[in-house]
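Everything below concerns the one structure shown next.
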Number of protein chains: 2
Amino acid sequence: MSGRNRSNPLALAVLICLFERPMHPYEVASTLRQRHKQESVRLNYGSLYAVVASLERRRLVAPVETEREGRLPERTVYELTAAGRAEMHEWLAELVSIPSKEYPSFEAALSFLPALAPGEAVALLEERIQRLEIQLALGDAAREHVDRLGIPRLLWVEAEYRGALLHAEHEYVVRLVEEIRTGTLDGSDWWRAVFADPGRPTPVPLPGLGVHDVGHRAEKTD
Amino acid sequence: MSGRNRSNPLALAVLICLFERPMHPYEVASTLRQRHKQESVRLNYGSLYAVVASLERRRLVAPVETEREGRLPERTVYELTAAGRAEMHEWLAELVSIPSKEYPSFEAALSFLPALAPGEAVALLEERIQRLEIQLALGDAAREHVDRLGIPRLLWVEAEYRGALLHAEHEYVVRLVEEIRTGTLDGSDWWRAVFADPGRPTPVPLPGLGVHDVGHRAEKTD
DNA sequence: GTTCGGGTACTCTGCGCAGAGTATACAAGG
DNA sequence: CCTTGTATACTCTGCGCAGAGTACCCGAAC
């Protein structure tokens with residue numbers, strides 16, 4: 001009843017909007033954008049209508065009326081069902097209380113770092129640092145602006161969280177660059193050597209770790 | 001030639017494996033798993049073969065031979081093309097140097113936090129804190145284990161990064177809970193009031209921010 | 001001696017979701 | 001007055017990707 005259907009948070013956003021009052025999908029989108037939820041939840045119309053259709057199939061929402069104004073396309077207004085209210089609550093509780101494994105693309109990038117020459121890696125990481133600093137500054141500016149408008153922090157926590165992660169990433173990358181630079185990072189000597197050798201045969205050996213049970217045992221691939 | 005094709009990092013992982021030497025898809029998967037890349041890159045066979053097919057269409061990889069052992073299914077070995085080498089390098093450089101907007105599910109959860117009763121929110125966040133502490137401990141254990149095996153940190157940076165983010169999240173959530181508890185979080189009084197009122201009419205008003213241009217102006221929804 | 005788990009090597013199927021397109025109304029600008 | 005842009009309200013299309021299934025082989029266990 002729930003499992004893999006809880007993949008797209010946009011569906012949760014829809015449930016929460018309809019919890020407030022019945023709306024048609026486009027109105028849901030407008031509401032979410034007005035509240036800047038599109039910063040935290042991927043939103044586009046293609047997905048929105050698909051998601052609403054899926055919620056309807058699962059009987060979590062139901063159409064109440066379909067109105068039409070002039071010759072504009074017909075609007076179908078949906079309301080939340082009892083099951084929908086339950087699902088909303090349960091899902092949100094799960095999202096808050098259980099950290100889920102995610103795959104940030106920079107983590108992937110880092111895991112492939114030795115495939116770049118050390119010098120290039122440093123240059124690119126420094127570029128990233130600059131971009132991160134811009135984002136941090138933008139975040140601060142937004143924060144101040146919102147403060148001036150007197151918007152309570154409660155409605156801004158997601159942005160604070162984003163800022164905290166951004167800050168941590170910045171800190172980490174700065175340290176990492178420093179360690180590659182100074183050679184403090186264990187393995188960077190080998191790294192440099194491999195790329196210094198002209199005509200290296202196996203470009204990037206990346207030796208296997210040979211560890212198959214570190215903590216959380218072997219979540220299966222498939 | 002690149003754009004939306006750079007969505008799935010698994011494709012990059014494949015390119016990097018084939019950069020080392022020609023392999024068949026299953027071997028790519030085994031290699032990635034052996035090196036614990038499945039912690040950083042979503043890997044499953046269904047996607048793998050699709051991704052390889054897509055790379056082949058884009059002429060970034062090409063089949064070299066197809067062997068067969070006994071009556072086991074035929075294995076198609078792929079190699080990297082010149083275009084593939086270029087794409088690999090360019091893509092990896094982009095991934096390292098340009099931070100990309102991501103949508104961690106906890107950010108979504110936080111943005112909907114006021115839809116929960118304050119007391120419940122606190123309880124759930126505390127549950128999360130415990131789970132985060134477990135993950136941090138597991139990470140440390142893995143770290144120590146890998147240290148003992150003498151694996152250079154260079155090959156472990158992605159896990160360090162994950163740890164740093166995890167740490168930041170933990171710190172943030174602890175602070176947040178504290179602030180909700182003590183009422184230091186601006187808006188929590190209103191929050192409590194709304195949920196204290198029995199028979200509240202508009203369950204969660206979540207007033208719109210009314211800000212439409214904070215920094216980065218209006219990336220379009222569609 | 002056969003059954004059972006686990007490894008090899010893919011294939012099949014079908015929903016999810018993004019991007020682009022459609023059609024109408026309205027407001028402002030030249 | 002005619003165009004250009006923007007907002008409203010969806011629909012269409014098709015790839016991406018995950019999960020499950022297939023088919024074979026092997027070693028160990030009962």
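In what follows, every chain begins at residue 1, and chains take the letters A, B, ... in the order their sequences are listed. Source: prediction; values computed, not measured. Only this structure's heavy atoms are used, side chains among them; waters, hydrogens and symmetry mates stay out.
Relative to the axis of its first five pairs, the axis of the last five pairs of the helix from C:dG1-D:dC30 to C:dG30-D:dC1 sits at 0°, rounded to 10 degrees.
Which of C:dG7, D:dC10, D:dG16 sits closest to the side chain of A:P25 comes down to D:dC10. Residue B:S47 has its side chain nearest to D:dC17 when only C:dG19, D:dC10, D:dC17 are considered. Distance from the side chain of B:V51 is smallest for D:dC17 among the nucleotides D:dC17, C:dC10, C:dG16. Out of C:dG16, D:dA9, D:dA18, the shortest distance to the side chain of B:R42 is found at D:dA18. Nearest to the side-chain atoms of B:A50 among the listed nucleotides D:dC17, D:dA9, C:dT11 stands D:dC17.
Close to D:dC10, at under 4.0 Å from its OP1 or OP2, lies no side-chain N or O of A:Y45. Look at B:S7 and you'll find a side-chain N or O under 4.0 angstrom from OP1 or OP2 of D:dC17. Contact between the side-chain N/O atoms of B:Y26 and the OP1/OP2 oxygens of C:dT8 is found at a separation under 4.0 Å. Distances shown here put every side-chain N or O of B:N8 at or beyond 4.0 Å from the OP1 or OP2 atom of D:dG16. The phosphate of D:dG16 (OP1 or OP2) has a side-chain N or O of B:R57 nearer than 4.0 angstrom.
Taking atom CG of B:N44 as the reference point, atom P of D:dG16 lies 15 Å away to the nearest angstrom. Rounding to whole angstrom units, CG of residue A:L43 and C1' of C:dG19 are separated by 14 Å. Per the geometry, OH belonging to B:Y103 stands 14 Å off P belonging to C:dC17, to the nearest Å. Nucleotide D:dC17 holds its C1' atom 18 Å from the CD atom of B:Q38, rounded to whole Å. One interatomic measurement links the two molecules: CD of A:Q34 to P of D:dA7, which rounds to 13 Å at whole-angstrom precision. Taking atom CG of A:L48 as the reference point, atom P of C:dA18 lies 11 Å away to the nearest angstrom. Atom pair A:Y49:OH and D:dT8:P shows a separation of 11 Å (rounding to whole Å applied). If you take CE of A:M23 and P of D:dT8, they are 12 Å apart, rounded to a whole angstrom.
In this structure, A:T76 reaches the sugar-phosphate backbone alone: every heavy-atom distance under 4.0 Å involves primed, P, OP1 or OP2 atoms, never a base.
Residues meeting the salt bridge (Lys or Arg N to Asp or Glu O under 4.0 Å) test with B:R59, sequence neighbours left out: none. For B:D140, there are no side chain to side chain contact (heavy atoms under 4.5 Å, CB included) partners, not counting sequence neighbours.
Judged purely by distance below 3.5 Å, without hydrogens or angles, the side chains of A:E107 and A:S105 never pair a donor atom with an acceptor atom.
Nearest heavy atom pair, residue A:W191 against residue A:P114, reads NE1-O, 3.4 Å. When all heavy atoms of A:Y103 and B:E102 are compared, the closest pair comes out as O-OE1, 4.3 Å.
A donor-acceptor distance shorter than 3.5 angstrom exists from the side chain of A:S30 to the backbone of A:Y26, with no hydrogens or angles considered. Judged by distance alone, the side chain of B:K101 and the main-chain N or O of A:E39 form a donor-acceptor pair under 3.5 Å. A distance-only check finds a donor-acceptor pair linking the side chain of B:R128 to the backbone of A:V96 [under 3.5 Å].
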